[in-house]
Amino acid sequence: MQVEANQLVFSDEVYRIVGLPQGTDISLEQFLSCVYEEDREEVRQTFLSAKKGISGDLTHRVKSENDRLIYVRNHMEVLFNDAGAVDRILGTIQDISHQIELQKAIEAKEQLYRQIFERSRAVKLLLNPEQGQIIDANEAAQRYYGYSHKQLTSMGIEQINTLPLEELRAEFYRTLTENCDYGNYKHRLANGEIRDVEVYTSDVEFDGKHYYHSIIFDVTERNQVLAQLEKAAMHDSLTGLFNRRSVDYRAEPEIAHYLRTGEPFSVIMMDIDHFKHFNDIYGHDVGDLVLRHVAQLFESEVRATDLVGRFGGEEFIVLAPQTDKENAILLAERIVSSVRAFEMEYGDERLKITLSAGVATLDESLCLNQTFDLKDCFAQLVKHADEQLYNAKSKGRDQVCSF
Ligand SMILES: Nc1nc2c(ncn2[C@@H]2O[C@H](COP(=O)(O)OP(=O)(O)OP(=O)(O)O)[C@@H](O)[C@H]2O)c(=O)[nH]1
(Lines give C-alpha, C1' and ligand atoms only; values in the text may rest on other atoms or scores of the structure.)
Protein backbone atom coordinates (compact mmCIF):
# COMPACT_ATOMS: atom_id res chain seq x y z
CA MET A 1 0.00 0.00 0.00
CA GLN A 2 1.27 3.44 -0.94
CA VAL A 3 0.47 5.25 2.25
CA GLU A 4 0.53 8.78 0.77
CA ALA A 5 -1.70 7.80 -2.14
CA ASN A 6 -3.88 5.54 0.07
CA GLN A 7 -3.64 3.14 -2.87
CA LEU A 8 -3.45 -0.65 -2.61
CA VAL A 9 -1.50 -2.72 -5.09
CA PHE A 10 -2.40 -6.42 -5.17
CA SER A 11 -0.59 -9.46 -6.41
CA ASP A 12 -2.51 -11.86 -8.68
CA GLU A 13 -2.98 -14.23 -5.75
CA VAL A 14 -4.69 -11.53 -3.65
CA TYR A 15 -7.08 -10.74 -6.55
CA ARG A 16 -7.86 -14.46 -6.64
CA ILE A 17 -8.46 -14.61 -2.90
CA VAL A 18 -10.80 -11.59 -2.76
CA GLY A 19 -12.42 -12.63 -6.02
CA LEU A 20 -11.86 -9.33 -7.93
CA PRO A 21 -10.73 -8.99 -11.58
CA GLN A 22 -6.98 -8.69 -11.86
CA GLY A 23 -5.58 -5.16 -12.28
CA THR A 24 -8.62 -3.39 -10.68
CA ASP A 25 -7.61 -0.24 -8.77
CA ILE A 26 -8.53 -0.84 -5.16
CA SER A 27 -8.84 1.50 -2.20
CA LEU A 28 -8.50 0.47 1.41
CA GLU A 29 -12.28 0.76 1.88
CA GLN A 30 -12.90 -1.47 -1.15
CA PHE A 31 -10.51 -4.05 0.30
CA LEU A 32 -12.21 -3.81 3.71
CA SER A 33 -15.59 -4.42 2.08
CA CYS A 34 -14.20 -7.82 0.99
CA VAL A 35 -13.32 -8.64 4.59
CA TYR A 36 -15.97 -10.58 6.52
CA GLU A 37 -18.07 -8.14 8.56
CA GLU A 38 -17.16 -9.56 11.96
CA ASP A 39 -13.41 -9.24 11.25
CA ARG A 40 -13.53 -5.90 9.43
CA GLU A 41 -12.91 -3.59 12.37
CA GLU A 42 -9.90 -5.57 13.54
CA VAL A 43 -8.37 -5.43 10.03
CA ARG A 44 -9.01 -1.68 9.87
CA GLN A 45 -7.34 -1.16 13.26
CA THR A 46 -4.29 -3.20 12.17
CA PHE A 47 -4.05 -1.02 9.03
CA LEU A 48 -4.32 2.12 11.12
CA SER A 49 -1.57 0.90 13.45
CA ALA A 50 0.63 0.05 10.45
CA LYS A 51 0.06 3.54 9.11
CA LYS A 52 1.41 4.77 12.41
CA GLY A 53 4.48 2.57 11.95
CA ILE A 54 3.52 -0.61 13.85
CA SER A 55 3.82 -3.83 11.89
CA GLY A 56 1.21 -6.45 12.71
CA ASP A 57 -0.17 -9.91 12.11
CA LEU A 58 -3.72 -11.16 12.14
CA THR A 59 -5.86 -13.99 10.89
CA HIS A 60 -9.21 -12.99 9.40
CA ARG A 61 -11.81 -14.03 6.92
CA VAL A 62 -12.33 -12.68 3.41
CA LYS A 63 -15.50 -13.03 1.37
CA SER A 64 -14.59 -14.57 -1.93
CA GLU A 65 -16.80 -15.38 -4.94
CA ASN A 66 -20.28 -16.68 -4.06
CA ASP A 67 -19.74 -15.29 -0.54
CA ARG A 68 -17.42 -18.20 0.23
CA LEU A 69 -15.33 -17.41 3.33
CA ILE A 70 -11.59 -17.77 3.01
CA TYR A 71 -9.31 -17.72 6.06
CA VAL A 72 -6.18 -15.64 5.49
CA ARG A 73 -3.10 -14.86 7.52
CA ASN A 74 -2.39 -11.17 6.96
CA HIS A 75 1.04 -9.82 7.82
CA MET A 76 1.50 -6.01 7.53
CA GLU A 77 5.12 -4.99 7.36
CA VAL A 78 5.81 -1.25 7.65
CA LEU A 79 8.53 0.17 5.37
CA PHE A 80 9.96 3.57 6.25
CA ASN A 81 11.47 6.25 3.92
CA ASP A 82 14.84 7.92 4.46
CA ALA A 83 13.18 10.61 6.60
CA GLY A 84 11.92 7.91 8.94
CA ALA A 85 8.27 8.37 7.96
CA VAL A 86 6.02 5.47 7.01
CA ASP A 87 6.38 5.04 3.24
CA ARG A 88 4.64 1.80 2.39
CA ILE A 89 2.90 -1.08 4.06
CA LEU A 90 3.86 -4.40 2.57
CA GLY A 91 1.03 -6.83 3.16
CA THR A 92 1.42 -10.57 2.80
CA ILE A 93 -1.89 -12.38 2.56
CA GLN A 94 -1.79 -16.11 2.67
CA ASP A 95 -4.78 -18.37 2.12
CA ILE A 96 -4.83 -20.68 5.17
CA SER A 97 -8.37 -22.03 4.72
CA HIS A 98 -7.07 -25.54 4.21
CA GLN A 99 -5.03 -25.51 7.43
CA ILE A 100 -7.92 -23.98 9.36
CA GLU A 101 -10.35 -26.58 8.04
CA LEU A 102 -7.86 -29.29 8.95
CA GLN A 103 -7.39 -27.82 12.40
CA LYS A 104 -11.16 -27.57 12.87
CA ALA A 105 -11.56 -31.21 11.83
CA ILE A 106 -8.83 -32.20 14.31
CA GLU A 107 -10.46 -30.12 17.04
CA ALA A 108 -13.86 -31.66 16.28
CA LYS A 109 -12.37 -35.15 16.47
CA GLU A 110 -10.52 -34.25 19.63
CA GLN A 111 -13.77 -32.99 21.12
CA LEU A 112 -15.50 -36.19 20.08
CA TYR A 113 -12.87 -38.38 21.79
CA ARG A 114 -12.82 -36.07 24.79
CA GLN A 115 -16.58 -36.59 25.11
CA ILE A 116 -16.23 -40.34 24.67
CA PHE A 117 -13.75 -40.28 27.57
CA GLU A 118 -15.52 -37.75 29.77
CA ARG A 119 -19.16 -38.59 29.26
CA SER A 120 -18.74 -42.35 29.33
CA ARG A 121 -20.56 -44.02 32.19
CA ALA A 122 -17.67 -46.45 32.43
CA VAL A 123 -14.94 -45.47 34.92
CA LYS A 124 -11.87 -44.34 32.97
CA LEU A 125 -8.38 -43.27 33.98
CA LEU A 126 -5.42 -42.11 31.94
CA LEU A 127 -2.08 -43.00 33.50
CA ASN A 128 1.53 -42.22 33.05
CA PRO A 129 3.08 -45.69 32.83
CA GLU A 130 6.45 -44.75 34.35
CA GLN A 131 5.38 -42.97 37.52
CA GLY A 132 1.89 -44.42 37.68
CA GLN A 133 0.62 -40.82 37.90
CA ILE A 134 -3.09 -40.33 37.11
CA ILE A 135 -3.13 -37.85 34.20
CA ASP A 136 -6.87 -37.71 33.66
CA ALA A 137 -10.05 -39.16 35.16
CA ASN A 138 -13.56 -38.94 33.76
CA GLU A 139 -16.67 -37.95 35.72
CA ALA A 140 -17.64 -41.58 36.28
CA ALA A 141 -14.21 -42.16 37.86
CA GLN A 142 -14.65 -39.13 40.13
CA ARG A 143 -18.05 -40.44 41.25
CA TYR A 144 -16.79 -44.01 41.68
CA TYR A 145 -13.65 -43.26 43.66
CA GLY A 146 -15.18 -40.33 45.56
CA TYR A 147 -12.35 -37.91 44.66
CA SER A 148 -12.51 -34.69 42.62
CA HIS A 149 -10.74 -34.42 39.27
CA LYS A 150 -8.07 -32.26 40.95
CA GLN A 151 -7.51 -34.81 43.69
CA LEU A 152 -7.33 -37.75 41.29
CA THR A 153 -4.92 -36.02 38.94
CA SER A 154 -2.56 -35.33 41.82
CA MET A 155 -2.54 -38.99 42.85
CA GLY A 156 -0.55 -42.02 41.80
CA ILE A 157 -2.35 -45.23 40.89
CA GLU A 158 -0.70 -46.95 43.88
CA GLN A 159 -2.90 -44.78 46.13
CA ILE A 160 -5.90 -46.52 44.61
CA ASN A 161 -4.63 -49.96 43.66
CA THR A 162 -3.73 -52.03 46.72
CA LEU A 163 -0.67 -53.55 44.96
CA PRO A 164 2.72 -51.86 45.52
CA LEU A 165 3.82 -49.74 42.53
CA GLU A 166 6.60 -52.13 41.47
CA GLU A 167 4.23 -55.08 41.32
CA LEU A 168 1.69 -52.92 39.56
CA ARG A 169 4.17 -51.94 36.86
CA ALA A 170 5.05 -55.59 36.33
CA GLU A 171 1.32 -56.35 36.11
CA PHE A 172 0.72 -53.59 33.55
CA TYR A 173 3.69 -54.79 31.54
CA ARG A 174 2.42 -58.36 31.66
CA THR A 175 -1.09 -57.29 30.66
CA LEU A 176 0.18 -55.35 27.67
CA THR A 177 2.97 -57.62 26.45
CA GLU A 178 1.18 -60.92 26.91
CA ASN A 179 -1.69 -59.61 24.85
CA CYS A 180 -3.97 -60.14 27.79
CA ASP A 181 -5.90 -56.92 27.87
CA TYR A 182 -7.26 -57.02 31.40
CA GLY A 183 -6.25 -57.68 34.97
CA ASN A 184 -8.06 -58.19 38.27
CA TYR A 185 -7.18 -55.87 41.14
CA LYS A 186 -8.45 -54.35 44.34
CA HIS A 187 -9.07 -50.58 44.32
CA ARG A 188 -9.42 -48.40 47.39
CA LEU A 189 -12.15 -45.74 47.34
CA ALA A 190 -11.98 -42.37 49.12
CA ASN A 191 -14.17 -43.77 51.92
CA GLY A 192 -11.62 -46.54 52.53
CA GLU A 193 -13.76 -49.28 50.98
CA ILE A 194 -11.80 -51.88 48.99
CA ARG A 195 -13.54 -53.06 45.81
CA ASP A 196 -12.75 -55.85 43.35
CA VAL A 197 -12.21 -54.44 39.88
CA GLU A 198 -11.51 -55.77 36.41
CA VAL A 199 -9.28 -53.29 34.58
CA TYR A 200 -8.96 -53.20 30.78
CA THR A 201 -5.84 -51.31 29.78
CA SER A 202 -4.61 -50.14 26.40
CA ASP A 203 -1.44 -48.31 25.46
CA VAL A 204 -2.13 -44.93 23.81
CA GLU A 205 0.47 -42.64 22.28
CA PHE A 206 0.16 -38.87 22.30
CA ASP A 207 2.79 -36.30 21.37
CA GLY A 208 5.49 -38.99 21.37
CA LYS A 209 4.62 -40.15 24.89
CA HIS A 210 2.93 -43.37 26.01
CA TYR A 211 -0.04 -43.47 28.34
CA TYR A 212 -2.21 -46.22 29.73
CA HIS A 213 -5.92 -45.83 29.13
CA SER A 214 -7.73 -47.94 31.70
CA ILE A 215 -11.42 -48.79 31.87
CA ILE A 216 -12.42 -50.01 35.30
CA PHE A 217 -15.36 -52.33 36.00
CA ASP A 218 -16.45 -53.02 39.56
CA VAL A 219 -16.85 -56.78 39.94
CA THR A 220 -17.19 -56.94 43.74
CA GLU A 221 -20.77 -58.24 43.78
CA ARG A 222 -20.10 -60.61 40.90
CA ASN A 223 -17.06 -62.04 42.75
CA GLN A 224 -19.08 -62.43 45.94
CA VAL A 225 -21.75 -64.40 44.08
CA LEU A 226 -19.07 -66.48 42.34
CA ALA A 227 -17.35 -67.20 45.67
CA GLN A 228 -20.68 -68.25 47.19
CA LEU A 229 -21.43 -70.50 44.22
CA GLU A 230 -17.94 -71.95 44.35
CA LYS A 231 -18.24 -72.56 48.07
CA ALA A 232 -21.63 -74.21 47.60
CA ALA A 233 -20.24 -76.37 44.79
CA MET A 234 -17.20 -77.46 46.83
CA HIS A 235 -18.64 -77.82 50.33
CA ASP A 236 -21.15 -79.95 52.13
CA SER A 237 -23.98 -77.69 53.23
CA LEU A 238 -24.65 -79.50 56.53
CA THR A 239 -21.15 -79.67 57.99
CA GLY A 240 -19.28 -77.04 55.94
CA LEU A 241 -16.61 -79.66 55.19
CA PHE A 242 -15.39 -80.27 51.62
CA ASN A 243 -17.77 -82.47 49.64
CA ARG A 244 -16.89 -85.61 47.74
CA ARG A 245 -16.27 -83.73 44.47
CA SER A 246 -13.68 -81.42 45.99
CA VAL A 247 -12.03 -84.31 47.83
CA ASP A 248 -11.51 -86.04 44.45
CA TYR A 249 -10.36 -82.77 42.93
CA ARG A 250 -7.79 -82.18 45.69
CA ALA A 251 -6.59 -85.79 45.92
CA GLU A 252 -5.36 -86.15 42.35
CA PRO A 253 -2.59 -83.51 42.54
CA GLU A 254 -1.42 -85.09 45.82
CA ILE A 255 -1.05 -88.45 44.08
CA ALA A 256 0.76 -86.80 41.17
CA HIS A 257 3.05 -85.13 43.75
CA TYR A 258 3.76 -88.52 45.38
CA LEU A 259 4.61 -90.07 41.99
CA ARG A 260 6.94 -87.19 41.25
CA THR A 261 8.67 -86.81 44.61
CA GLY A 262 7.96 -90.01 46.57
CA GLU A 263 6.67 -87.90 49.49
CA PRO A 264 4.16 -89.94 51.50
CA PHE A 265 0.43 -89.41 51.22
CA SER A 266 -2.18 -91.03 53.47
CA VAL A 267 -5.94 -91.08 53.74
CA ILE A 268 -8.16 -91.81 56.75
CA MET A 269 -11.72 -93.03 56.26
CA MET A 270 -13.94 -92.48 59.30
CA ASP A 271 -17.47 -93.51 60.16
CA ILE A 272 -19.53 -92.67 63.25
CA ASP A 273 -20.42 -95.78 65.22
CA HIS A 274 -24.07 -96.76 65.47
CA PHE A 275 -25.05 -93.46 64.05
CA LYS A 276 -28.44 -94.84 63.07
CA HIS A 277 -29.33 -94.91 66.80
CA PHE A 278 -29.01 -91.13 67.08
CA ASN A 279 -31.54 -90.72 64.32
CA ASP A 280 -33.79 -93.44 65.61
CA ILE A 281 -33.79 -92.41 69.28
CA TYR A 282 -33.42 -88.60 69.14
CA GLY A 283 -34.58 -87.76 65.64
CA HIS A 284 -32.91 -86.71 62.42
CA ASP A 285 -32.19 -83.15 63.64
CA VAL A 286 -30.07 -84.45 66.49
CA GLY A 287 -28.32 -86.77 64.03
CA ASP A 288 -27.52 -83.69 61.95
CA LEU A 289 -26.20 -81.92 65.05
CA VAL A 290 -23.92 -84.86 65.82
CA LEU A 291 -22.53 -84.67 62.28
CA ARG A 292 -21.83 -80.94 62.69
CA HIS A 293 -20.10 -81.34 66.07
CA VAL A 294 -17.97 -84.19 64.82
CA ALA A 295 -17.00 -82.20 61.73
CA GLN A 296 -15.78 -79.37 63.99
CA LEU A 297 -13.72 -81.81 66.05
CA PHE A 298 -12.09 -83.14 62.87
CA GLU A 299 -11.14 -79.70 61.73
CA SER A 300 -9.57 -78.82 65.06
CA GLU A 301 -7.42 -81.98 65.04
CA VAL A 302 -5.92 -81.81 61.53
CA ARG A 303 -3.15 -79.61 60.13
CA ALA A 304 -3.83 -76.73 57.76
CA THR A 305 -2.37 -78.77 54.90
CA ASP A 306 -4.77 -81.68 55.57
CA LEU A 307 -8.21 -81.74 54.05
CA VAL A 308 -11.31 -83.08 55.76
CA GLY A 309 -14.29 -84.02 53.61
CA ARG A 310 -17.69 -85.58 54.05
CA PHE A 311 -17.61 -88.59 51.81
CA GLY A 312 -21.28 -89.43 52.21
CA GLY A 313 -23.84 -90.00 55.00
CA GLU A 314 -21.89 -90.33 58.23
CA GLU A 315 -18.65 -91.25 56.49
CA PHE A 316 -15.74 -88.82 56.44
CA ILE A 317 -12.27 -88.70 54.91
CA VAL A 318 -9.02 -86.96 55.77
CA LEU A 319 -6.42 -86.38 53.05
CA ALA A 320 -3.06 -86.11 54.76
CA PRO A 321 -0.25 -85.02 52.42
CA GLN A 322 3.38 -85.54 53.48
CA THR A 323 2.16 -87.99 56.12
CA ASP A 324 3.52 -91.54 56.34
CA LYS A 325 1.66 -94.52 57.72
CA GLU A 326 2.87 -94.11 61.33
CA ASN A 327 1.91 -90.47 61.49
CA ALA A 328 -1.41 -91.11 59.75
CA ILE A 329 -2.24 -93.73 62.40
CA LEU A 330 -1.29 -91.25 65.14
CA LEU A 331 -3.53 -88.61 63.54
CA ALA A 332 -6.44 -91.07 63.21
CA GLU A 333 -6.05 -92.12 66.85
CA ARG A 334 -6.00 -88.52 67.95
CA ILE A 335 -9.25 -87.87 66.09
CA VAL A 336 -10.89 -91.05 67.44
CA SER A 337 -9.83 -90.07 70.99
CA SER A 338 -11.12 -86.52 70.67
CA VAL A 339 -14.53 -87.78 69.50
CA ARG A 340 -14.60 -90.32 72.35
CA ALA A 341 -13.81 -87.55 74.85
CA PHE A 342 -16.55 -85.29 73.48
CA GLU A 343 -20.00 -85.21 75.05
CA MET A 344 -22.84 -83.60 73.21
CA GLU A 345 -25.37 -81.83 75.38
CA TYR A 346 -28.97 -82.74 74.61
CA GLY A 347 -31.45 -81.49 77.19
CA ASP A 348 -30.36 -83.08 80.47
CA GLU A 349 -28.43 -85.77 78.69
CA ARG A 350 -24.84 -85.88 77.54
CA LEU A 351 -24.56 -87.98 74.43
CA LYS A 352 -21.42 -90.00 73.85
CA ILE A 353 -20.16 -90.52 70.30
CA THR A 354 -17.51 -92.89 69.01
CA LEU A 355 -15.84 -93.28 65.68
CA SER A 356 -14.04 -96.00 63.72
CA ALA A 357 -11.23 -95.20 61.31
CA GLY A 358 -9.24 -96.98 58.60
CA VAL A 359 -5.87 -95.70 57.41
CA ALA A 360 -4.16 -96.35 54.06
CA THR A 361 -0.88 -94.90 52.85
CA LEU A 362 -0.01 -94.61 49.20
CA ASP A 363 2.70 -96.87 47.87
CA GLU A 364 3.78 -97.68 44.37
CA SER A 365 1.98 -101.01 44.23
CA LEU A 366 -1.33 -99.13 44.51
CA CYS A 367 -0.53 -97.02 41.50
CA LEU A 368 1.57 -99.34 39.41
CA ASN A 369 -1.32 -101.78 39.09
CA GLN A 370 -3.24 -98.97 37.52
CA THR A 371 -2.28 -97.38 34.24
CA PHE A 372 -1.15 -94.31 36.16
CA ASP A 373 -4.66 -92.98 36.11
CA LEU A 374 -4.77 -90.64 39.10
CA LYS A 375 -8.51 -91.22 39.63
CA ASP A 376 -8.11 -95.00 39.72
CA CYS A 377 -5.10 -94.69 41.96
CA PHE A 378 -7.07 -92.59 44.46
CA ALA A 379 -10.03 -95.01 44.27
CA GLN A 380 -7.64 -97.85 45.16
CA LEU A 381 -6.27 -95.92 48.12
CA VAL A 382 -9.79 -95.15 49.40
CA LYS A 383 -10.79 -98.77 48.93
CA HIS A 384 -7.90 -99.92 51.13
CA ALA A 385 -8.74 -97.35 53.81
CA ASP A 386 -12.42 -98.40 53.62
CA GLU A 387 -11.47 -102.05 54.13
CA GLN A 388 -9.54 -101.03 57.25
CA LEU A 389 -12.51 -98.97 58.45
CA TYR A 390 -14.76 -102.01 58.28
CA ASN A 391 -12.01 -104.00 59.91
CA ALA A 392 -12.15 -101.53 62.81
CA LYS A 393 -15.95 -101.85 62.91
CA SER A 394 -15.81 -105.62 63.01
CA LYS A 395 -13.17 -105.55 65.78
CA GLY A 396 -15.59 -103.70 68.05
CA ARG A 397 -15.58 -100.05 66.75
CA ASP A 398 -14.06 -96.96 68.45
CA GLN A 399 -10.60 -97.78 67.07
CA VAL A 400 -8.18 -97.37 64.20
CA CYS A 401 -7.02 -100.08 61.76
CA SER A 402 -4.43 -99.58 59.04
CA PHE A 403 -3.44 -101.08 55.72
N1 LIG B 1 -29.21 -87.16 60.55
C2 LIG B 1 -28.60 -87.58 59.47
N3 LIG B 1 -28.47 -88.92 59.27
C4 LIG B 1 -27.84 -89.35 58.18
C5 LIG B 1 -27.32 -88.45 57.23
N6 LIG B 1 -26.72 -89.19 56.25
C7 LIG B 1 -26.90 -90.51 56.59
N8 LIG B 1 -27.56 -90.61 57.74
C9 LIG B 1 -27.97 -91.79 58.45
O10 LIG B 1 -26.85 -92.46 58.97
C11 LIG B 1 -27.22 -93.79 59.28
C12 LIG B 1 -26.10 -94.71 58.93
O13 LIG B 1 -26.45 -95.95 59.43
P14 LIG B 1 -25.64 -97.31 59.15
O15 LIG B 1 -25.01 -97.20 57.79
O16 LIG B 1 -26.55 -98.48 59.42
O17 LIG B 1 -24.47 -97.30 60.16
P18 LIG B 1 -24.38 -97.01 61.68
O19 LIG B 1 -25.68 -96.91 62.36
O20 LIG B 1 -23.51 -95.79 61.83
O21 LIG B 1 -23.63 -98.25 62.17
P22 LIG B 1 -22.11 -98.62 61.98
O23 LIG B 1 -21.53 -97.78 60.90
O24 LIG B 1 -22.15 -100.05 61.64
O25 LIG B 1 -21.46 -98.35 63.30
C26 LIG B 1 -28.51 -94.05 58.47
O27 LIG B 1 -29.58 -94.12 59.35
C28 LIG B 1 -28.64 -92.82 57.59
O29 LIG B 1 -29.99 -92.46 57.35
C30 LIG B 1 -27.47 -87.06 57.47
O31 LIG B 1 -27.06 -86.19 56.69
N32 LIG B 1 -28.12 -86.68 58.58
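In each ligand, atom 1 is the first atom listed, and ligand 1 is the first ligand listed. Just the heavy atoms: all of them, side chains too, but no hydrogens, waters or symmetry mates, feed the values below. Count residues from 1 along the sequence.
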TODO: Tell me the residues surrounding ligand 1, counting only those with a heavy atom closer than 4.0 angstrom, sorted by chain and number.
DONE: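 Answer by chain and number: Leu238, Asp271, Ile272, Asp273, His274, Phe275, Lys276, Asn279, His284, Gly287, Asp288, Leu291, Arg310, Gly313, Glu314, Lys393, Arg397.
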- [ ] Hey, could you give me each pair passing salt bridge (charged side-chain N to carboxylate O under 4.0 Å, His left out) that has a residue in residues 381-403? Not counting sequence neighbours.
- [x] Asp271-Lys393, Asp273-Lys393, Arg340-Asp398, Lys383-Glu387
Task: Contact list for residues 241-262, test salt bridge (charged side-chain N to carboxylate O under 4.0 Å, His left out), sequence neighbours left out - done: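 Checked against salt bridge (charged side-chain N to carboxylate O under 4.0 Å, His left out) - neighbours excluded - the pairs reaching residues 241-262 are Glu252-Lys375.
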Open item on the list: Test of understanding: with side-chain hydrogen bond (donor to acceptor under 3.5 Å, both in side chains), list the residues that count as partners of Glu107, not counting sequence neighbours.
Closed with: Gln103
Open item on the list: Are more than 12 heavy atoms, taken from residues, nucleotides or ligands other than Lys352, located less than 6.0 Å from that residue's NZ atom?
Closed with: yes
Open item on the list: Ignoring hydrogens, what is the shortest heavy-atom contact between Ala392 and Ser356? Give both atom names and the distance.
Closed with: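 Heavy atoms of Ala392 and Ser356 come nearest at CB-CB, 4.0 Å.
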Task: Gln159 CD to Ile134 CD1 distance, which is reported to the nearest 0.5 Å - done: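 Gln159 CD to Ile134 CD1: 7.5 Å, rounded to 0.5 Å.
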